[in-house]
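Read through the structure below, which is laid out as structure tokens, and then see the notes.
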Amino acid sequence: AAFKKELVSQLLHLHFKEDKTKVSGDPLLLMAEFLKIFVREAAARGVRQAQAEDVSDVDVEHVEKVLPQLLLDF
Amino acid sequence: EGWCLSEEEFEIWNQRYRLKESDQIQEIIFPQGRFASLQDEKEIPQQNPRAGTRELSLFEWRVWQNRPFPTHLVDHSERCYHFISIMETIELMRHEEGECSYDLEIKPYLQMEDVT
Amino acid sequence: QRLKAAVHYTVGCLCQEVAEDKGMHFSKQAVAAISEITFRQ
């Protein structure tokens with residue numbers, strides 16, 4: 001699974017002032033890779049927290065516990 | 001436009017990931033951070049979350065933040081370790097009564113000519 | 001909302017991979033939380 005370049009382009013354009021702003025392929029691929037790493041890190045840290053609590057289901061609260069440090073790491 | 005979900009992807013999303021009215025939590029939001037010292041030009045009115053909405057909190061588990069959580073492929077940043085050390089200092093001070101150990105420790109080094 | 005749904009779907013697939021990798025399961029709410037955080041990021 002991965003973020004499609006076109007999806008990343010749409011996401012970036014949410015924040016651009018100029019609609020005409022263009023982003024070429026490489027930055028889109030880099031941003032897609034960044035988002036993939038971010039999601040996998042969030043998921044893996046949520047898993048670690050659930051495992052530390054000896055439960056097999058990762059729930060919101062496991063994500064919430066690791067959230068402050070996750071956001072400071074990105 | 002190539003970015004939106006295909007029919008098949010939409011079906012999977014709708015079935016596997018979409019939060020529905022029938023779910024206990026129908027929506028998860030991450031409240032807009034606000035800068036206490038600066039008046040936000042676009043002040044977002046603090047709306048009360050609707051029933052069924054779960055607001056993600058950054059301070060619900062604050063007392064757990066005085067130690068580094070395990071990481072996966074991305075290590076903790078310097079500013080994250082700084083945050084953790086501050087949370088540890090706060091945790092230690094939390095149990096103090098009256099005198100503040102930080103004050104007692106640092107006061108002997110204060111030279112008034114450094115600050116006037 | 002379509003954009004959010006596309007992000008949510010992609011996040012769900014990525015979480016699925018991590019879940020299978022670690023032999024764990026993600027609740028829908030946990031996936032939605034990671035999706036909301038990613039969208040905000």
Side-chain angles (χ1 to χ4, degrees), chain A residues 1-17 19 21-23 25 27-74, chain C:
Chain A
F3 284 88
K4 291 180 190 169
K5 274 196 312 187
E6 298 81 0
L7 176 55
V8 174
S9 177
Q10 287 293 324
L11 285 169
L12 293 178
H13 278 86
L14 281 180
H15 300 277
F16 291 159
K17 287 190 174 42
D19 277 355
T21 307
K22 287 263 177 287
V23 187
L28 287 180
L29 286 175
L30 192 59
M31 199 63 193
E33 185 61 18
F34 169 83
L35 287 171
K36 179 174 175 178
I37 291 170
F38 178 76
V39 171
R40 292 179 70 88
E41 189 69 20
R45 292 188 189 186
V47 162
R48 288 292 293 269
Q49 186 51 36
Q51 288 171 336
E53 298 178 21
D54 215 12
V55 294
S56 60
D57 259 31
V58 183
D59 207 356
V60 184
E61 111 178 10
H62 301 119
V63 176
E64 222 171 22
K65 282 167 183 166
V66 302
L67 188 54
Q69 295 182 23
L70 175 80
L71 293 179
L72 283 165
D73 291 338
F74 279 86
Chain C
Q1 290 307 326
R2 276 174 50 190
L3 209 46
K4 275 202 156 185
V7 169
H8 193 175
Y9 172 82
T10 308
V11 168
C13 296
L14 286 167
C15 288
Q16 198 83 26
E17 286 178 359
V18 174
E20 281 151 20
D21 191 30
K22 308 275 184 182
M24 296 283 278
H25 173 263
F26 280 83
S27 72
K28 277 204 311 186
Q29 284 72 22
V31 172
I34 294 176
S35 180
E36 173 66 10
I37 294 162
T38 304
F39 193 80
R40 290 287 300 278
Q41 187 75 353

Name the region of [X], side chain, backbone, both or neither, that has any atom closer than 4.5 Å to a heavy atom of chain C.
| X | value |
| --- | --- |
| A/Q51 | both |
| A/A50 | both |
| A/V63 | side chain |
| A/V55 | backbone |

Decide yes or no for A/F74 and C/I37: does some side-chain heavy atom of the first lie under 4.5 Å from some side-chain heavy atom of the second?
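Contact flag for A/F74/C/I37 side chains = no.
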
Min side-chain heavy-atom separation C/Y9-A/L7 under 4.5 Å:
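Of all side-chain heavy-atom pairs linking A/L7 with C/Y9, none is under 4.5 Å.
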
Is there a donor-acceptor contact under 3.5 Å linking the side chains of C/S27 and A/D59?
yes

Is it the side chain or the backbone of C/Q41 that comes within 4.5 Å of chain A heavy atoms, both, or neither?
side chain

Measuring heavy-atom distances to chain A, does C/V7 have an atom under 4.5 Å in its side chain, in its backbone, in both, or in neither?
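Answer is both: backbone and side chain atoms of C/V7 are under 4.5 Å from chain A.
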
Let's test your reading of the structure: which of C/K22, C/Q29, C/E17 forms the most heavy-atom pairs below 4.5 Å with chain A?
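Maximum pair count with chain A is reached by C/E17.
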
In terms of heavy-atom pairs under 4.5 Å with chain A, which of C/V11, C/D21, C/T10 leads?
C/T10

Which value, rounded to the nearest 0.5 Å, describes the distance between A/E41 atom CD and C/I34 atom CD1?
11.0 Å

Could you give the distance from CE (C/M24) to CZ (A/R48), rounded to the nearest 0.5 Å?
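Answer rounded to 0.5 Å: 11.0 Å.
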
Greater than 12 external heavy atoms within 6.0 Å of C/K28's NZ:
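Atom NZ in C/K28 is packed in, count exceeds 12.
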
Side-chain (A/Q10) to main-chain (C/L3) donor-acceptor, under 3.5 angstrom
no

Applying a heavy-atom distance below 4.5 Å, give me the residues of residues 32-40 of chain A that approach chain C, sorted by number.
A/F34, A/L35, A/K36, A/F38, A/V39, A/R40

